[in-house]
Amino acid sequence: MPVTTTERGWKASVTRPVDWTAEVLPGLLDATPDQVPDLFGDLTVSPRRLVVVDSNVYRLYGHRILALLDRYEVVHSHPVVVAGGEASKNRATCDLITSGMEGFGVERFSEPVLVWGGGVLHDVAGFAASEYRRGVPYRMFATTLLASVDAGFALKVALSHGYKNRVGAYHPAEAMFTDPALFARDRSHIIEGAAEILKWALAAPDPAVFDYFERHGPDAVANGFAADDPHALAIIRTTIEGMMRELEANPYEAVSQRRSYIGHGMSPGLEPTVTHGQAVILDILLTLMIATGRAVISETLRDRIVRVIRATGLPLWHDVLEHGPGPIMRALDDTARHRHGLQSIPVMDGELGRITYMQDITAAELGAALYDLNRTATAI
Ligand SMILES: NC(=O)c1ccc[n+]([C@@H]2O[C@H](COP(=O)([O-])OP(=O)(O)OC[C@H]3O[C@@H](n4cnc5c(N)ncnc54)[C@H](O)[C@@H]3O)[C@@H](O)[C@H]2O)c1
């Protein structure tokens, strides 16, 4: 659009196209330039790439990652190796990556940084990439279930600064690749990803997404989302596709009512005492209790979902909830400051597939929800 003249000056207006992709690529570490020529972007423009890798991933797969880079004739220096885990989601880790980019001399447009790791690596390295030279591209190689079904292709990148994800930007990886064979396989890691999968199963416009998870999710979790489990793969693919559609429709959250916010309005008040995935599930459970109290959903639907959470091995209670509604209420207040002053807590509108948004949740209502959850968690 041309610059227009206003009463007191001029107005400019631009739109910026953003493309990003997400792919499940079985055999990722064995890929060859013939099979997947664009794995590291266009190497004919520049073959140089800075590699940033989670320390656990480097320990387990470092030699195979380096062999993969060699097969593609990527020119790289020693990778920047940083610790994952919530405690690393800070300015110090970000600065380390920025120094790595400066030391390597990452070019502004044609040398996407290659990031290997989970959601924390995505968020911190993605944030560093958003700042460096006012934004350089990066490509994400997601190695946890959670990063594969959510963080790895998210637009949002962030650091925690006194509060979870307080400092951040919108800067998606230009491409995300994942391979279930690479996932961190401990049960605790799988549970983290399963929490985000369940979030989408409840938020999805198609109730069949939850039906499928109800039937196959508990086994998929028990098997650690094994690479050879077709149901696990189907769940991962469905979640990625649904979330990509969700993000594309409202990329910068201008509309603060978003289905996929389920489990994310109160959870920051529980972190970092509990992990992100656990906090999301506890938030979902409290949301269900409040919605039942308001007669937005039936006890039958609530109990069906609670049963799936139990069968999946996700938490139904945590000591952090013994602190009462105070921290959760403070998180709700903060959430409202993020959503045009409204809490806008999504929940099923009577049935799966339809969503309504709850407002004006009070401390007394939260107290009742905590009581109900405690009772339900032990009764079902
Ligand atoms: N940007 C977003 O929109 C978005 C969405 C969802 C979650 N997140 C963020 O994601 C983060 C959680 O991500 P996460 O659960 O992947 O945590 P993480 O990245 O810290 O990984 C968890 C642990 O697994 C280790 N690890 C990673 N890959 C491994 C592998 N293949 N084998 C063995 N160990 C491995 C890491 O070193 C770390 O200790 C949270 O900070 C959350 O806020 C962001």
Side-chain angles (χ1 to χ4, degrees), residues 20 22 28-29 52-62 64-65 81-90 93-94 115-130 138 140-161 163-173 176-200 203 224-227 239-240 243-244 246-247 250-253 258 260-264 267-268 270-272 274-281 283 338:
W20 72 113
L28 168 59
L29 287 176
V52 179
V53 56
D54 177 293
S55 53
N56 281 318
V57 175
Y58 195 60
R59 180 173 48 79
L60 292 166
Y61 302 109
R64 291 183 67 194
I65 293 173
V81 181
V82 296
E86 215 53 45
S88 295
K89 206 167 173 179
N90 56 30
T93 312
C94 178
V115 181
W116 293 79
V120 166
L121 257 283
H122 170 270
D123 284 10
V124 183
F127 185 66
S130 80
Y138 67 107
M140 183 70 202
F141 299 85
T143 61
T144 63
L145 177 61
L146 183 141
S148 304
V149 296
D150 200 328
F153 55 90
L155 282 112
K156 293 195 273 191
V157 291
L159 307 178
S160 296
H161 182 86
Y163 196 82
K164 173 89 176 174
N165 295 340
R166 183 54 94 209
V167 180
Y170 294 92
H171 191 59
M176 179 203 78
F177 297 95
T178 190
D179 176 1
L182 282 180
F183 288 167
R185 215 46 88 186
D186 310 16
R187 190 168 169 75
S188 60
H189 291 147
I190 294 298
I191 289 290
E192 289 299 297
E196 298 287 12
I197 289 172
L198 181 74
K199 169 199 76 179
W200 179 248
F225 275 78
T239 308
I240 294 176
M243 282 298 297
M244 286 282 277
E246 174 83 352
L247 295 174
N250 183 16
Y252 302 112
E253 303 172 282
R258 174 183 261 182
S260 58
Y261 285 156
I262 283 188
H264 286 72
S267 55
L270 307 176
E271 296 179 65
V274 300
T275 60
H276 182 69
Q278 287 180 318
V280 166
I281 292 300
D283 180 324
H338 224 65

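Source: prediction; values computed, not measured. Order of appearance sets the numbers: ligands from 1, and atoms from 1 within every ligand.
- Between His171 and Tyr138, the distance separating the two ring centers is shorter than 6.0 angstrom.
- Applying the salt bridge (Lys or Arg N to Asp or Glu O under 4.0 Å) criterion to Arg64, with sequence neighbours excluded, gives Asp30.
- Partners of Arg166 according to the salt bridge (Lys or Arg N to Asp or Glu O under 4.0 Å) rule, which considers only residues two or more places apart in sequence or in another chain, are Asp334.
- Remark: Lys156 does not engage Asp123 in a salt bridge, criterion side-chain N to carboxylate O under 4.0 Å.
- Remark: Asp283 pairs with no residue by the salt bridge (Lys or Arg N to Asp or Glu O under 4.0 Å) rule, at least two apart or across chains.
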N/O to N/O under 3.5 Å, ligand 1 against protein:
residue, atom, partner, partner atom, Å
ligand 1, 1 (N), Asp123, OD1, 3.0
ligand 1, 1 (N), Lys156, O, 2.8
ligand 1, 13 (O), Gly119, N, 3.2
ligand 1, 16 (O), Gly119, N, 2.8
ligand 1, 16 (O), Thr144, OG1, 2.7
ligand 1, 19 (O), Gly119, N, 3.1
ligand 1, 19 (O), Val120, N, 3.0
ligand 1, 20 (O), Gly85, N, 2.6
ligand 1, 24 (O), His189, NE2, 3.3
ligand 1, 28 (N), Thr143, OG1, 2.8
ligand 1, 31 (N), Thr143, O, 3.2
ligand 1, 31 (N), Leu182, O, 2.7
ligand 1, 31 (N), Ala184, N, 3.4
ligand 1, 37 (O), Asp54, OD1, 2.8
ligand 1, 37 (O), Asp54, OD2, 2.8
ligand 1, 37 (O), Asn56, ND2, 2.8
ligand 1, 41 (O), Glu86, OE1, 3.0
ligand 1, 41 (O), Glu86, OE2, 3.0
ligand 1, 41 (O), Lys89, NZ, 2.8
ligand 1, 41 (O), Lys164, NZ, 3.2
ligand 1, 43 (O), Lys89, NZ, 3.0
ligand 1, 43 (O), Lys164, NZ, 2.8

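- Counted by atom type alone, Thr275 and Glu192 present one or more donor-acceptor pairs between their side chains at under 3.5 Å.
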